Number of protein chains: 2
Amino acid sequence: MKSVKITAGLTYKEFFVRKMTREILAGKWNPGDRLPSERELAAELGIGKTVVHSGIEQLAAMGLVDIKPKSGVYVADYMNTGNIETLNAIVHLNGNELSWEVTVAILDLRLAIEGMALRALCFTRCAEDIVRLRAMTAQIRDHSHHSAVEELAELFFRWHREICILSGKSILTLFMNTMHDVSIAFWVNYLRMYGPSFAIDRLERFITLIEARDGEGAYKLLAIGIADYLSRLENEAGDKRERLNSIFG
Amino acid sequence: MKSVKITAGLTYKEFFVRKMTREILAGKWNPGDRLPSERELAAELGIGKTVVHSGIEQLAAMGLVDIKPKSGVYVADYMNTGNIETLNAIVHLNGNELSWEVTVAILDLRLAIEGMALRALCFTRCAEDIVRLRAMTAQIRDHSHHSAVEELAELFFRWHREICILSGKSILTLFMNTMHDVSIAFWVNYLRMYGPSFAIDRLERFITLIEARDGEGAYKLLAIGIADYLSRLENEAGDKRERLNSIFG
DNA sequence: TAACAAGAACTGGTCGGACCAGATTGTCTC
DNA sequence: GAGACAATCTGGTCCGACCAGTTCTTGTTA
């Protein structure tokens with residue numbers, strides 16, 4: 001008789017990883033705490049130890065726990081020793097809500113990565129690159145009438161990744177992909193703020209600058225767009241405060 | 001009778017992942033190629049299919065393969081869809097040699113990440129932060145007489161990560177940790193170029209600027225250090241060319 | 001001979017038991 | 001009380017059994 005209630009579609013392992021992630025990030029376990037042994041967790045949940053072990057390995061790869069062989073599994077000081085997967089877990093637990101700090105950090109890194117790629121691409125671009133970017137933009141425009149915002153977010157992410165690919169700077173592409181999950185969360189918020197139309201027009205402005213080989217112009221467009229988004233975010237936070245003030249006094 | 005010759009200390013899974021990584025990155029399989037089925041690979045190597053499957057899952061997490069259920073496992077277009085683990089694998093296969101492109105990209109990202117952290121820390125730092133950084137620096141100096149360069153590299157990485165931790169910008173810390181493996185490779189090269197003494201003196205200059213709350217000064221020190229390193233790297237490449245010229249004509 | 005349906009074989013996916021090696025704790029003897 | 005040995009604990013690894021869906025092969029019917 002299993003004690004685990006399996007949510008539709010989740011394997012035991014997925015259920016276990018989600019449950020432990022939630023508990024760790026919710027503070028049920030603090031950094032340094034020793035988790036129950038794999039056998040205890042397996043017995044408690046009514047699943048096999050190998051599944052638990054596999055789940056714990058995943059938690060370790062996510063930076064949430066440290067495994068000490070022969071000793072036990074300890075909650076890691078994950079905000080200090082964690083990695084991008086830690087951040088992805090935090091963001092996912094928050095329903096893909098990005099805090100101000102996360103947003104600033106993501107966008108600054110994006111400026112660094114995509115800034116380099118844009119400059120390089122403006123220098124090296126060929127005609128097929130422009131055709132490629134235009135085709136992708138048109139595809140996004142087609143989709144914008146009937147696709148969910150998450151789908152659109154994926155398409156925007158891929159457009160900007162294509163900048164890195166076309167620039168020939170493979171490493172920048174790898175870094176950008178590494179930030180995929182948090183970037184999708186960002187694009188969802190961005191599309192909600194500006195709407196798909198505005199966002200697509202901006203893509204076309206990038207293409208114009210790339211066609212003109214204006215690396216500094218393209219970089220500036222990126223930087224200005226980022227600054228505007230952050231400014232709007234701040235204003236929305238201010239608006240929320242004003243609305244609360246008018247309700248409560 | 002196992003057909004796998006196990007290198008000392010490697011599990012079947014580790015052996016399998018290394019073998020496949022080497023073959024994929026060496027071009028034995030091209031992006032889009034379908035790998036032999038898990039059962040075929042298992043039979044060929046004389047190990048269990050589950051181990052092969054587990055290894056393939058790891059290769060997928062590394063961005064090297066795409067798994068299509070019921071169809072097969074295909075080599076991914078990993079330079080376009082891969083992630084930081086892809087880069088780590090490439091660097092590791094090259095005996096931790098960093099190409100110029102990788103070095104430039106890493107350092108630019110580091111400038112973005114640590115630049116933000118330095119500025120923030122100079123603004124918010126307290127006395128204990130300075131004490132902490134001084135203690136870490138002294139520890140590094142103690143180790144520099146008898147430690148291997150890889151150990152020193154780890155200590156330098158942690159010193160710079162501590163900047164992020166002390167800045168209170170957790171997200172920057174997570175990003176920095178994400179770049180841990182390639183950063184270690186960089187620090188090894190850096191220490192070989194400048195020597196531990198010089199590198200430690202530079203840490204102390206950072207501390208002086210942080211103590212003085214000179215965010216722009218600290219950022220400049222970082223940027224200048226990076227530019228100098230890249231310049232020397234270029235000169236070394238030039239020196240190699242000159243030496244070859246004088247040998248061959 | 002061609003088309004359709006059923007069965008077999010294939011694919012990756014998941015799970016749990018068996019066993020391993022080393023660390024830690026408990027028990028017994030001196 | 002100290003030391004030696006055994007038992008128990010820990011995480012670690014591997015494998016066979018079974019699953020679900022896809023694709024290919026074979027047999028039957030028109």
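Excluded from the calculations below are hydrogen atoms, water molecules and symmetry mates; all remaining heavy atoms, backbone and side chain alike, are included. Since this is a predicted model, take the numbers as computed values, not measurements. Here is how names work: the chains are called A, B, and so on, in the same order as the sequence lines, proteins then strands, and each is numbered from 1.
- Spacing between atom CD of B:Q58 and atom P of D:dT13 amounts to 11 Å, rounded to whole angstrom units.
- The distance from atom CG of B:L10 to atom P of D:dG12 is 16 Å, rounded to the nearest whole Å.
- Remark: P of D:dG11 and CD1 of A:I56 are 7 Å apart, rounded to the nearest angstrom.
- Looking at the side chain of B:V73, the nearest of the listed nucleotides D:dT13, D:dG11, C:dG12 is C:dG12.
- Overall, the helix from C:dT1-D:dA30 to C:dC30-D:dG1 carries an axis bend of 30° between its ends, with five pairs at each end and the value rounded to 10°.
- Rounded to an integer number of Å, the gap from B:E57 CD to C:dC15 P is 11 Å.
- Using a 4.0 Å heavy-atom criterion, one finds that B:E14 contacts no nucleic acid atom at all.
- With rounding to the nearest 0.5 Å, the separation of CE in A:M176 from OG in A:S183 is 6.5 Å.
- In this structure, B:Y190 and B:W187 have perpendicular ring planes: the angle between them is above 60°, well past the 30° mark.
- In this model, the phosphate group of D:dG11 is not approached by any side-chain N or O of A:H53 to a distance below 4.0 Å at OP1 or OP2.
- Distance, B:E38 CD to C:dT14 P: 11 Å, rounded to whole Å.
- Whole-Å rounding puts the B:D66 CG to C:dG13 P distance at 12 Å.
- Each side-chain hydrogen bond (donor to acceptor under 3.5 Å, both in side chains) pair with one or both residues in residues 89-101 of chain B, not counting sequence neighbours, would appear here, but there are none.
- Nearest heavy atom pair, residue A:P196 against residue A:L191, reads CA-CD2, 4.0 Å.
- Using cut-offs of 30° and 60° for the angle between ring planes, the B:F206 and B:H160 rings count as perpendicular.
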Short heteroatom pairs, N/O only, protein and nucleotides 5-8 of chain D, under 3.5 Å:
none

Please list, pair by pair, any protein nitrogen or oxygen found under 3.5 Å from a nitrogen or oxygen in nucleotides 17-23 of chain C.
{"from": "C:dG17", "atom 1": "O6", "to": "A:T50", "atom 2": "OG1", "distance (Å)": "2.4"}
{"from": "C:dA21", "atom 1": "N3", "to": "A:K70", "atom 2": "NZ", "distance (Å)": "3.0"}

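- Between the NZ atom in A:K13 and the CD atom in A:E57 there is a gap of 8.0 Å [rounded to 0.5 Å].
- The backbone N or O of B:G82 sits less than 3.5 Å from a side-chain atom of A:N177, completing a donor-acceptor pair.
- Regarding B:F15, its CZ atom lies at a distance of 16 Å from the P atom of D:dT13, rounded to whole Å.
- Remark: B:D129 engages B:L121, B:R125, B:C126, B:L166 in a side-chain contact (heavy atoms from CB on, under 4.5 Å) (not counting sequence neighbours).
- Here the two rings, on B:F156 and B:W159, have centers that are 6.0 Å apart or farther.
- Other residues, nucleotides and ligands contribute only 12 or fewer heavy atoms inside 6.0 Å of the CZ atom of B:R18.
- With sequence neighbours left out, the salt bridge (charged side-chain N to carboxylate O under 4.0 Å, His left out) criterion links A:R141 to A:D201, A:E204.
- C:dT11 atom C1' lies 11 Å from atom CD of B:E40, rounded to whole Å.
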